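Worksheet: one structure, shown below.
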Amino acid sequence: MQLDHLAIAVADLDAALTFYRDALGLELEGIEAVEQEGVRVAFLPLGDGESRIELVQPTREDTGIVKWMAKHGPGMHHVCLSVPNLESALARLAAHGCELINPQPVTREDGTRYAFIHPRSTFGVLVELYEKPE
Ligand code: ZN
């Protein structure tokens with residue numbers, strides 16, 4: 001299991017880059033619009049590039065992150081851990097009574113599969129699990 005990314009919700013991606021890229025000095029790997037989820041994401045790799053910071057800006061009013069930001073304001077949104085086998089990780093969590101936001105994994109266009117665990121089960125942090133394509 002490894003830290004894949006920390007996602008930070010921002011209202012304005014370009015403004016956030018003036019801190020994370022320009023002032024802090026992280027490298028900007030790229031910016032991607034994810035239509036399916038109504039967000040724009042900037043990827044800023046850390047260290048060996050296995051982990052990264054993702055700045056997430058909503059691009060539609062009907063996305064979950066808009067509701068989240070209305071409640072919490074901008075800030076750290078979730079932690080993502082990559083796992084070798086998502087089904088077995090979810091089965092293990094379910095067996096421990098954890099509340100899964102996605103009991104079935106969701107597949108992104110790039111083939112990455114993910115599922116979120118509810119903060120009620122994680123002591124307050126939204127946790128995402130990732131399984132990358134082979
Ligand atoms: Zn994520």
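Both counts, for ligands and for their atoms, begin at 1 and track the order of listing. What you see is a predicted model; the values in this text were computed from it and never measured.
- Figure legend: Arg113 and Tyr130 shown without cation-pi pairing, the cationic atom not lying both under 6.0 angstrom from the six-membered ring centre and within 45 degrees of its axis.
- Heavy-atom contacts from other residues, nucleotides or ligands closer than 6.0 Å to CD of Glu99 number more than 12.
- Below the 2.8 Å limit, the Zn ion (ligand 1) has as protein N, O or S neighbours His5 NE2, His78 NE2, Glu128 OE1.
- Side chain of Asn85 to backbone of Ser88: a donor-acceptor contact under 3.5 angstrom is found.
- Looking only at distances, a side-chain donor or acceptor of Thr59 sits under 3.5 Å from a matching main-chain atom of Gly38.
- Remark: the backbone N or O of Arg120 is paired with a side-chain donor or acceptor of His118 at under 3.5 angstrom.
- Counted within 6.0 Å of CZ on Arg108, heavy atoms from surrounding residues, nucleotides or ligands total more than 12; the atom is thus considered enclosed.
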